[in-house]
Asks: 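Have a look at this one before I ask anything.
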Amino acid sequence: MIEIFLIGVIILFIFFYTGKINSSKFVSDNKDLFYLLKESDYDFLLYAKYGDKVYDPNQVFMKRIRNGVLVTVLFIFVFISDLSFVNILLGIVCGFLVFKMQYMDLKKFYRNHLNEVDSLLPYYLKGLEVLIQHYTVPVALARSIDDAPEVFKPGLKAMVAKIEAGDSSVQPYMDFAAMYPVRDSVRMMRLLYRLGLGEQEKKHAQLVAFSKSVSALQQKAREQKYKNRLNKMESMTMVMLVCTGGGGMILLIVSMLLSFTAVA
């Protein structure tokens with residue numbers, strides 16, 4: 001079996017090297033079909049972990065597809081001499097698992113850094129609030145990009161580009177909220193849009209209302225952070241109690257067995 005596997009790998013390498021099999025072309029030709037497999041929160045999770053380092057989420061996604069297809073083809077090729085429906089199904093399952101591996105890793109990262117990622121928006125908006133006091137909302141957004149958290153930079157650049165291109169609707173703000181579905185992102189983007197529409201004489205009152213919303217969002221983030229920390233401490237305490245109690249019971253049982261043995 002190992003010899004067949006090695007031969008299969010060598011032959012596939014030759015086919016790919018000589019261009020007889022072009023996995024990139026296959027994936028590119030069927031990208032519209034493959035995009036049906038794309039998770040709705042994939043772009044957000046990718047930006048949450050890698051920030052501005054991600055140039056094109058679709059390109060990263062297509063690499064996932066290509067890796068899954070290659071694993072499926074390789075699996076089927078290895079069992080070509082004993083090809084059956086079960087083997088083909090196993091090959092597809094293996095390819096799908098390889099395809100899902102990166103997404104599961106991103107989900108795990110987000111779960112471990114959930115409060116940290118969610119708290120980035122209110123703290124960013126607090127800095128943006130200072131800029132809005134001196135500039136219009138679109139100008140403040142453009143000036144905030146350099147100091148914004150890495151995770152938000154791609155979305156901010158896209159939003160500012162749409163606004164500068166003449167889109168004065170709420171859509172650029174909603175697109176940003178859709179790209180980053182963190183706590184209250186939709187509501188805060190609507191408030192930001194309305195703040196940009198307000199007349200100059202009403203700007204102060206609207207800015208005060210916006211500031212209160214941002215402060216409330218920051219307070220939520222702090223409360224959630226403390227709650228998570230408390231839950232973690234409670235879990236650690238329970239583990240210590242269980243270990244201590246279990247260890248005490250084991251020592252008691254061992255001492256009783258030793259005493260029975262000594263009496264016997």
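Hydrogens, waters and symmetry mates are skipped; everything else that's a heavy atom, side chains included, is used.
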Asks: Check whether L141 and L191 end up in the same hydrophobic cluster, where Ile, Leu, Val, Met, Phe, Trp and Tyr are linked by side-chain heavy atoms less than 4.5 Å apart.
Replies: yes

Asks: Under 3.5 Å, is there a donor on one side chain and an acceptor on the other for Y42 and Q102?
Replies: yes

Asks: Do M101 and N67 pass the side-chain contact (heavy atoms from CB on, under 4.5 Å) test, and can you show the C-alpha distance, the side-chain angles, and the key distance before you say yes or no?
Replies: CA-CA 11 Å; M101 278 176 61; N67 292 339; over 6 Å; no

Asks: Which heavy atom in K49 sits nearest to a heavy atom in L106, and how many Å separate them?
Replies: CD-CD2, 3.7 Å

Asks: Does any N or O in the side chain of S144 come within less than 3.5 Å of the main-chain N or O of L128, such that one atom is a donor and the other an acceptor?
Replies: no

Asks: Can you tell me how far the CG atom of D56 sits from the NZ atom of K63, to the nearest 0.5 Å?
Replies: 10.0 Å

Asks: Quick check against the 3.5 Å criterion: does T72 have a side-chain atom that pairs as donor or acceptor with the backbone of G68?
Replies: yes

Asks: Taking side chain as C-beta onward, heavy atoms only, is F210 less than 4.5 Å from M188?
Replies: yes

Asks: Kindly indicate, with the supporting measurements, whether the criterion side-chain contact (heavy atoms from CB on, under 4.5 Å) is fulfilled by Y103 and R64.
Replies: CA-CA 9 Å; Y103 178 72; R64 288 175 58 201; 3.6 Å; yes

Asks: Measure centre to centre between the rings of F176 and Y193, then say whether the value is under 6.0 Å.
Replies: no

Asks: For R190, look at atom CZ and say whether over 12 heavy atoms of other residues, nucleotides or ligands are found less than 6.0 Å away.
Replies: no

Asks: Stepwise, does the salt bridge (charged side-chain N to carboxylate O under 4.0 Å, His left out) test hold for D105 with K108?
Replies: CA-CA 5 Å; D105 179 64; K108 181 180 179 182; over 6 Å; no

Asks: Just to verify, which of L121, L120, V182 counts as forming a side-chain contact (heavy atoms from CB on, under 4.5 Å) with V151?
Replies: L120

Asks: Does NZ or CZ of K126 fall inside the cone over Y123's six-membered ring, less than 6.0 Å from its centre and within 45° of the axis?
Replies: no

Asks: Would you say the side-chain atoms of S213 pair up with the backbone N or O of A209, donor to acceptor, closer than 3.5 Å?
Replies: yes

Asks: On a heavy-atom basis, which atom in D43 and which in P57 lie closest, and how many Å separate them?
Replies: OD1-CB, 3.2 Å

Asks: Which heavy atom of A142 sits nearest a heavy atom of E164, and at what distance?
Replies: CB-OE2, 4.5 Å

Asks: Decide yes or no on side-chain contact (heavy atoms from CB on, under 4.5 Å) for V208 and K212, but give the supporting numbers first.
Replies: CA-CA 6 Å; V208 170; K212 288 181 179 178; 4.0 Å; yes

Asks: Yes or no on salt bridge (charged side-chain N to carboxylate O under 4.0 Å, His left out) for K153 and D146, after CA distance, side-chain angles and deciding distance?
Replies: CA-CA 8 Å; K153 286 185 178 180; D146 290 339; 5.8 Å; no

Asks: Taking side chain as C-beta onward, heavy atoms only, is V137 less than 4.5 Å from L197?
Replies: no

Asks: With clusters defined by side-chain heavy atoms of hydrophobic residues (ILVMFWY) lying less than 4.5 Å apart, directly or transitively, does I92 cluster with V98?
Replies: no

Asks: Roughly how far, to the nearest 0.5 Å, is CG of L45 from CD of E39?
Replies: 8.5 Å

Asks: Do Y180 and D175 have side-chain N/O donor and acceptor atoms under 3.5 Å apart?
Replies: no

Asks: What about V130 and V160, same hydrophobic cluster or not, with Ile/Leu/Val/Met/Phe/Trp/Tyr joined at side-chain heavy-atom distances under 4.5 Å?
Replies: no

Asks: Are the side chains of R194 and V170 in contact, using a 4.5 Å heavy-atom criterion?
Replies: no

Asks: Roughly how far apart are Y173 OH and L195 CG, rounded to 0.5 Å?
Replies: 8.5 Å

Asks: Considering non-hydrogen atoms only, spot the tightest contact between A177 and S185 and give its length.
Replies: O-OG, 3.6 Å

Asks: Restricting to non-hydrogen atoms, name the atom on A148 and the atom on L156 that form the minimum distance, rounded to 0.1 Å.
Replies: CB-CD1, 3.5 Å

Asks: If hydrophobic clusters are built from ILVMFWY residues whose side chains come within less than 4.5 Å, do V71 and V69 share one?
Replies: no

Asks: Kindly compute the distance separating CZ (F99) from CG (L37), expressed to the nearest 0.5 Å.
Replies: 5.0 Å

Asks: Between OH of Y124 and CD1 of I145, what distance do you get to the nearest 0.5 Å?
Replies: 7.0 Å

Asks: Nearest heavy-atom pair of I132 and A140: which atoms, and what distance?
Replies: CG1-CB, 3.8 Å

Asks: Using 0.5 Å steps for rounding, measure from the CE atom of M189 to the CD atom of Q171.
Replies: 13.5 Å

Asks: Taking the six-membered ring of Y135 as reference, does the cationic atom of R143 (NZ for Lys, CZ for Arg) lie under 6.0 Å from its centre and within 45° of its axis?
Replies: yes

